[in-house]
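Atom set for the values below is all heavy atoms of this structure, side chains included, hydrogens, waters and symmetry mates excluded.
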Amino acid sequence: MEPSEKLETPVTTIREIGQHEGQTVTLRGWLYNLRESGKLLFPIFRDGSGVIQGVVAKNAVSPDLFDSIKGLTQESSVIVTGKVRADKRAPGGYEMDVTDAQVVQRVNPDDPYPISPKEHGVDFLMEHRHLWLRSPRQAAILRVRAEIIKAARDYFDDRGFTLTDPPILTPAACEGTTTLFPVDYFDEQAYLTQSGQLYIEATAMALGKVYSFGPTFRAEKSKTRRHLTEFWMVEPEVAFATLDDLMTLAEEFITFIVKRCLEKRRPELETIGRDLSQLEKIATPFPRISYDEAVQMLQEGHAKGLVENKFEWGGDFGSPDETYVSSQFDRPVMVHRYPAAIKAFYMEPDPQRPEFALCVDVLAPEGYGEIIGGSQRIGSYDLLLKRIHEHELPEDAFKWYLDLRKFGGVPHAGFGMGIERAVAWICGLEHVRETIPFPRTLHRLYP
RNA sequence: UCCUCAGUAGCUCAAUGGCAGAGCAUCCGGCUGUUAACCGGAGGGUUGUAGGUUCGAGUCCUACCUGAGGAGCCA
């Protein structure tokens, strides 16, 4: 800005307006709503940091200013100047007596802002997701999401982990092609990654403790409140770690993130309407139960009539099963040692009972289901090769992965946490589609 | 892929087989403390699509389309 253009009043944000009580300041933002009562106007402004009500009395301002505010339509962009006044009637504690306003762009009333301050259906809101993000609730969710991501990265960065980014474009199928999005890669078949795990096993052998944070793609035809086709995962991988080390890492990691959100994003969580007492219970240690114990819990639940279906030992838990098991605890529960037959090919068998895998799922409370899945990885070259054959996977594609066991194989373990499921749980949301700015689901690629 | 539900004004929803309605939004008017403000008025419709039954279909039947929730699968 040139010195000659310097504004006479300080430009501030609604978040910081309390520091300017009694002063005249300038805000830059949008009209959120306009109420009027005769010769009084109550324009409500938002600027991305908060919401504040302005007051314009007809006998206190010029006719031009009064008319230009009176003519403002919802979401018109505007630069307003006024005197900040504390008022106990105001939700944020402050109001602004407007003394000047410059309309940057007035929304045409013939084509008004589609999202009125009334109720709307999900499909309509999703069709206007690019505008829906302006609502206070959606903005608050995105701030909590950003805090969760920052907390996750801080947790690992401060504990000797190195961020290593796995590729997003990957060659031939790793765990079967049915759930992969195919991409034409210069006339060669490539796929969007469905997990960075195999690659960060390689970087873990190079750097010791690593993590990745990036997008993941699954072409599953799932239409539930827990599924997106494009979602973000944070995945740590640790050389020489065992399953027990991994479970300790997972519970400390989740507790750290929840505490950080309570510390830094309490106003946003309150805007969303989260029951904070549920989050304040989250502390280490988390309960650790084996698959066998979980199955017993489900069968007892069925006998009491609390679980609809009788669970057969050997199967994987369905969503209602996970909800029941997690409902028995007031914090996330870690279920470990599933039958190897229902788990991924790369998981280390339990040396005590080789038919079980050294793996763990972390189930969030309040019915949010699995937010973390992890395991100790196979350390032996011969066993891994055997598993690749058993799963009828192309050995050539895994040559590099086998090399990790050929050249100094060690016990190692890691997990993946789905960011959107963590955000949905911490915010107490009904659906993961509100946890990401532009969700991709089975039936939505727009906007 | 399967099960259930839904599609009527820009939005949210009503309408026993018998004239297509309301609230919000938009426009006009009123109100000096409104809190999703309120009060009065105006404009706004190919009832998802195609057939069928009927004197008459938004409503009943058939097929299809679109979407939502759930199952499976998964984080």
Side-chain angles (χ1 to χ4, degrees), chain A residues 32-44 51-60 66 71 73-75 85 87-92 95 97 107-128 131-132 135-136 175-176 178-180 194-197 215-235 250 308-309 315-323 342-344 361-364 368-374 415-425 430-433 435-436 441-444:
Chain A
Y32 181 64
N33 198 4
L34 175 64
R35 286 187 284 261
E36 55 182 300
S37 178
K39 295 174 181 62
L40 273 182
L41 302 177
F42 299 100
I44 300 171
V51 169
I52 190 170
Q53 174 166 282
V55 181
V56 188
K58 190 163 192 174
N59 64 8
F66 189 84
T73 38
Q74 195 189 356
E75 286 302 315
R85 174 169 47 75
D87 191 313
K88 62 176 181 291
R89 289 170 295 192
E95 288 190 343
D97 291 318
V107 174
N108 184 345
D110 294 333
D111 187 13
Y113 188 71
I115 303 178
S116 63
K118 284 279 180 180
E119 60 199 41
H120 298 280
V122 170
D123 193 51
F124 177 82
L125 290 169
M126 290 306 306
E127 196 68 17
H128 296 84
L131 303 176
W132 187 23
S135 74
E175 298 178 46
T178 53
T179 62
L180 292 170
Q194 62 176 2
S195 166
Q197 181 210 311
T216 305
F217 307 88
R218 306 250 171 117
E220 290 159 2
K221 296 201 171 178
S222 302
K223 339 177 1 174
T224 79
R225 66 185 71 185
R226 299 177 306 281
H227 286 89
L228 299 170
T229 54
E230 177 183 313
F231 64 98
W232 289 67
M233 269 211 293
V234 57
E235 297 176 277
E308 192 173 339
N309 296 314
D316 207 350
F317 301 130
S319 186
D321 303 319
E322 286 183 352
T323 300
I342 57 170
K343 286 290 176 180
D361 283 356
V362 182
L363 309 180
Y368 282 92
E370 184 182 348
I371 53 169
I372 279 181
F415 65 74
M417 183 180 80
I419 294 294
E420 288 75 18
R421 286 191 182 174
V423 176
W425 166 51
E430 281 293 304
H431 203 299
V432 290
R433 68 185 155 215
T435 65
I436 185 168
T441 61
L442 185 52
H443 294 296
R444 180 155 300 281

(Q) On the nucleotide B/rG67, are OP1 or OP2 found under 4.0 Å from the side-chain N or O atoms that A/His443 carries? (A)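 For A/His443, the contact criterion (side-chain N or O under 4.0 Å from OP1 or OP2 of B/rG67) is met.
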d([atom1], [X]; [atom2], [N]) in whole Å:
| X | N | atom1 | atom2 | answer |
| --- | --- | --- | --- | --- |
| A/Leu34 | B/rU34 | CG | C1' | 10 Å |
| A/Ile52 | B/rG33 | CD1 | P | 20 Å |
| A/Arg444 | B/rG67 | CZ | P | 8 Å |
| A/His120 | B/rG7 | NE2 | P | 19 Å |
| A/Glu127 | B/rU66 | CD | P | 14 Å |
| A/Trp132 | B/rG10 | CH2 | C1' | 18 Å |
| A/Phe42 | B/rC31 | CZ | P | 15 Å |
| A/Arg89 | B/rU32 | CZ | C1' | 11 Å |

Q) If only atom types and distance count, is the side chain of A/Arg433 paired as donor or acceptor with the main-chain N or O of A/Thr441 below 3.5 Å? A)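 Judged by distance alone, no pair lies under 3.5 Å.
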Q.
Check the orientation of A/Phe124 and A/His120. Use parallel for under 30°, tilted for 30 to 60°, and perpendicular for over 60°.
A.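 Parallel.
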Checking [X] now: which residues fulfil ring-ring contact (aromatic ring centres under 6.0 Å, His included) with it, not counting sequence neighbours?
| X | value |
| --- | --- |
| A/Phe66 | none |
| A/Trp132 | none |
| A/His443 | none |

Taking only the [atom1] atom of each, what is the distance from [N] to [M] in whole angstrom?
| N | M | atom1 | value |
| --- | --- | --- | --- |
| B/rG21 | B/rU62 | C1' | 30 Å |
| B/rA9 | B/rA20 | C1' | 10 Å |
| B/rU59 | B/rG29 | P | 42 Å |
| B/rG43 | B/rC5 | P | 40 Å |
| B/rA22 | B/rG67 | P | 32 Å |
| B/rG58 | B/rU46 | C1' | 13 Å |
| B/rG7 | B/rC13 | P | 9 Å |
| B/rC74 | B/rU66 | P | 27 Å |

(Q) Using the side-chain contact (heavy atoms from CB on, under 4.5 Å) criterion, which residues pair with A/Asp123? Sequence neighbours excluded. (A)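 So A/Asp123 forms a side-chain contact (heavy atoms from CB on, under 4.5 Å) with A/Arg444.
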Q.
Tell me if the side-chain of A/Glu36 makes a donor-acceptor pair with the base of B/rU34, cut-off 3.5 Å, by modelled atom types.
A.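 Answer is no: no donor-acceptor pair is held.
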Q) Ignoring hydrogens and angles, does a donor from either the side chain of A/Asp123 or the base of B/rU66 sit under 3.5 Å from an acceptor on the other? A)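 Such a pair does not exist between side chain and base.
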Q: Output the single nucleotide from B/rG33, B/rU12, B/rU32 whose closest atom is nearest the side chain of A/Phe124.
A: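 Among B/rG33, B/rU12, B/rU32, the one nearest the side chain of A/Phe124 is B/rU12.
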Q: Hunt down any stem RNA chain B takes part in, defined as 3 or more consecutive Watson-Crick or G-U pairs whose two distances are each under 3.5 Å.
A: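 Stem list for RNA chain B: B:1-7 with B:65-71, B:10-13 with B:21-24, B:26-30 with B:38-42, B:48-52 with B:60-64.
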Q.
Would you say that A/Trp232 contacts A/Ile436 through its side chain, given a criterion of any heavy-atom pair below 4.5 Å between the two side chains?
A.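 Side-chain contact under 4.5 Å: yes.
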List for me each residue that meets side-chain hydrogen bond (donor to acceptor under 3.5 Å, both in side chains) alongside [X], sequence neighbours excluded, and say none if there are none.
| X | result |
| --- | --- |
| A/Glu75 | A/Arg46, A/Arg134 |
| A/Asp97 | A/Arg85 |
| A/Glu370 | none |
| A/Ser135 | none |

What protein N or O atoms touch nucleotides 25-29 of chain B N or O atoms at under 3.5 angstrom, if any, and at what distances?
residue	atom	partner	partner atom	Å
B/rU26	O2'	A/Pro109	O	3.4

Q: Map A/Leu40 and A/Leu442 onto RNA chain B by nearest heavy atom, then report which one ends up closer to the 5' terminus.
A: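 So the residue in question is A/Leu442.
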Q. Can you give one letter per nucleotide of nucleotides 70-75 of chain B, going 5' to 3': B for a protein heavy atom under 4.0 Å from the base, S for sugar-phosphate only, - for none?
A. BBBBBB
Q. What distance separates A/Arg35 CZ from A/Leu41 CG, expressed to the nearest 0.5 Å?
A.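 Reported to 0.5 Å precision, the distance equals 12.0 Å.
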Q: Please identify each residue that fulfils salt bridge (Lys or Arg N to Asp or Glu O under 4.0 Å) with A/Arg225, with sequence neighbours left out.
A: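 Listed in chain order: A/Glu430.
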Q. Contact class for A/Arg433 vs. all strands (heavy atom < 4.0 Å): base, sugar-phosphate, or nothing?
A.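 Contact class for A/Arg433: sugar-phosphate only.
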